[in-house]
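Encoded as structure tokens, the structure appears first; notes follow it.
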There are 2 protein chains.
Amino acid sequence: MSRPRISDVAAAAGVSVTTVSLVLNDVESRISESTRRRVREAADAVGYAPSSVARSLRTRQTRTVGLISDRIATTPFAGRMLAGAQDAARENDHLVIFVDTGGDDEVERDAIAALRAQQVDAMIYASMWHRVVEVPASLPAGTVFLDCRPEHGGFPSVVPADREGGYAATRVLIEAGHRRIAYLDTSDGPIASFLRLEGYHEALTEAGIPIDPALHIRGGESTAQGAREAAERLLDLPEAQRPTGIFAFNDRMAVGVYNAAHRRGLRIPDDLSVVGYDDQLLVAAEQDPPLTTVALPHYEMGRWAMEVALGVRADGDSDATHRMECPVIRRDSVGPPPAHVAKQSRRRTT
Amino acid sequence: MSRPRISDVAAAAGVSVTTVSLVLNDVESRISESTRRRVREAADAVGYAPSSVARSLRTRQTRTVGLISDRIATTPFAGRMLAGAQDAARENDHLVIFVDTGGDDEVERDAIAALRAQQVDAMIYASMWHRVVEVPASLPAGTVFLDCRPEHGGFPSVVPADREGGYAATRVLIEAGHRRIAYLDTSDGPIASFLRLEGYHEALTEAGIPIDPALHIRGGESTAQGAREAAERLLDLPEAQRPTGIFAFNDRMAVGVYNAAHRRGLRIPDDLSVVGYDDQLLVAAEQDPPLTTVALPHYEMGRWAMEVALGVRADGDSDATHRMECPVIRRDSVGPPPAHVAKQSRRRTT
DNA sequence: GTGAAAGCGCTAACAT
DNA sequence: ATGTTAGCGCTTTCAC
């Protein structure tokens, strides 16, 4: 009752194991058509499936790739990176061995060692948010960095184009007619925070809108709670200074803005427009009104990383950072500024 | 520059490969202490790490487990199942090969075949939500079902105790003094929907509260949008019938209740109490006020499934469904019913 | 067009 | 207390 081996198939078909291996792997076509058929039928009959383990030992290829991450499993939206990597792996007949280290360095070391011992064909090192990471010593060359950049380069990596995303988010507000646009930033200080701020500044400057430091405000650790308080401070600014549009560092913080607006009796988008970031599943689209936001291309990044790791993609330079576009998702949280303000800004363009 | 093999270590230590294998695997202690040390040093010196592939071929054990799921990677909260399974695997020196089939049957078949070819030591079949699944033909015996039950039994499985959860959610409201409690159900009709309804009825009956069919209402496909409309209908009920507390099928729908309350100018929990289900990451705790809810024990279920799959757990009968408790998470969305209603209910208990 | 045999790197039964 | 050796199940070179 143990699984059939290649020799069982050979016996059943009355040929040698060489022949079986040759036909089952579609190697050369010098085997006659009739033999091929006989082998195939014998394989079916005995229910043969080659042992990946034995094959791997012989070929030194396992058709597996290791995906090691700090905390993807417990970060809601990050699952899409896994899905993207997964799909690309499947399309290329690879299995993914997934390890979530929970951010523990020792676990990480062990995981890398285990993955190497398994002889994975490739490796991906993923972070749950865009950051610069120290490269663990034992990481194999060619490891692809996903949603993070290796400190001193030397590896291909893919991250979101946060600067362009911040620019795009701000443009959405500018194009709707807003002139007093706030950036509700996080206090955590991730790379993305600075990048998005740069994009925000760039869009403002380009539109001839002076940068008002009072409109760049930090709202705690990017939770709805902290953001609500910061947003309330923004909404309590004197009439002439108060923003009519707020670009929040991420969707969670945008929810804080919603909450602040509710507390002040302001309606979105009539009295206040807001743009988020992340396109967080089950958050952005579920707001009332649904939130206009900039999507983090997690699925695509995961797919890119896997394709580069597997070598089926040309643009995966061994030492370049690929910055992936973050598309604007237009929903219903942005409108023109309130009438009295709009008039003033409209005067400019007419 | 290719990786060192066991014979390299043997040569370096001046012993046979048997000896090396014996000491590195801590088998028997008949090897002298000095030899052991010599072997260890030699192994370190040449940077030896055994090849899992070769070992697996020989031992017929791969120390890997296959985790196949329909759509876990793209379901935000489900990542916690992965984390639980992952942690348990690591504690038992196993790696997890993860496949997300996206719900495609053909992909699923291929994945099972690939996992069997890899000779995984165990297998887990996970669903993103509690349901009864058809058992794929080729699934190995002993496969553990996670967050789903196999149609005709025959496998160990773990699911949330939804009935008890529905009961607990309703109790929270009853204990706060509510008597008119609605159950805002989903129209999708998953098992959990019926189970939670049963728990709701049981709690009501036990408390001597008559069941009012008008208070069991379905709100579309468990999105905030559909739930908001249904909740508005609930809030538009005549004063004497209108619920003072709403138990929503899940957190997303609870958010719909929040939105409905906002639109009606009702404050939570002063004018209306609400209880959700799932304890959805970045949703439940982020509401204003934070949502009281019943947690789906995803992490624990994932861990349980892995421990049973690995055989390190006693209660994993080969044909029993383990129902795991869903703990109540008390936050700030439940208070006593509004004064005029509260009086009436208080009269009963004094 | 097909087969024999070596060997991938390990473990473990059997010798010594 | 340590060594020899036969596989685990496959691929692939070389011979016929």
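Below, chains carry the letters A, B, ... as their sequence lines are ordered, and counting in each starts from 1. Side chains included, hydrogens not; waters and symmetry mates left out as well; all remaining heavy atoms used.
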Smallest heavy-atom separation, A:Leu95 atom then B:Gln118 atom, equals CD2-CG, 3.5 Å

In 5'-to-3' order, the base (B), backbone-only (S) or no-contact (-) status of each nucleotide in nucleotides 9-16 of chain D, using a 4.0 angstrom heavy-atom cut-off, is BBBBBB--

Sequence neighbours excluded, the answer for salt bridge (charged side-chain N to carboxylate O under 4.0 Å, His left out) partners of A:Arg313 is A:Glu307, A:Asp315

Paired with A:Met123, the side chain to side chain contact (heavy atoms under 4.5 Å, CB included) test is passed by just one of A:Val144, A:Ile97, A:Ile112, namely A:Ile112

In whole angstroms, the gap separating P of C:dA12 from CG of B:Leu24 amounts to 13 Å

Quiz item: Charged N to carboxylate O under 4.0 angstrom, A:Asp26 versus A:Arg40?
Solution: yes

Check your understanding: Are any of the side-chain heavy atoms of A:Thr35 and A:Val23 separated by less than 4.5 Å?
Key -> no

Here the side chain to side chain donor-acceptor pair (under 3.5 Å) pairs for residues 135-160 of chain B, sequence neighbours left out, are B:Ser157-B:Thr321

Phosphate OP1/OP2 of D:dA1 contacted by B:Thr35 side-chain N/O (<4.0 Å): no

Hits for salt bridge (charged side-chain N to carboxylate O under 4.0 Å, His left out) against A:Asp8, two or more places apart or cross-chain, chain-then-number order -> none

Taken to the nearest whole Å, CD/B:Gln61 to P/C:dC10 is 17 Å

Here the ring pair (Phe, Tyr, Trp, His ring centres under 6.0 Å) pairs for residues 86-142 of chain B, sequence neighbours left out, are B:Tyr125-B:Phe145

Computed from five pairs at either end and rounded to 10 degrees, the angle between the axes of the helix from C:dG1-D:dC16 to C:dT16-D:dA1 is 40°

Does B:Thr19 place a side-chain N or O at less than 4.0 Å from the phosphate oxygens OP1/OP2 of D:dG3? yes

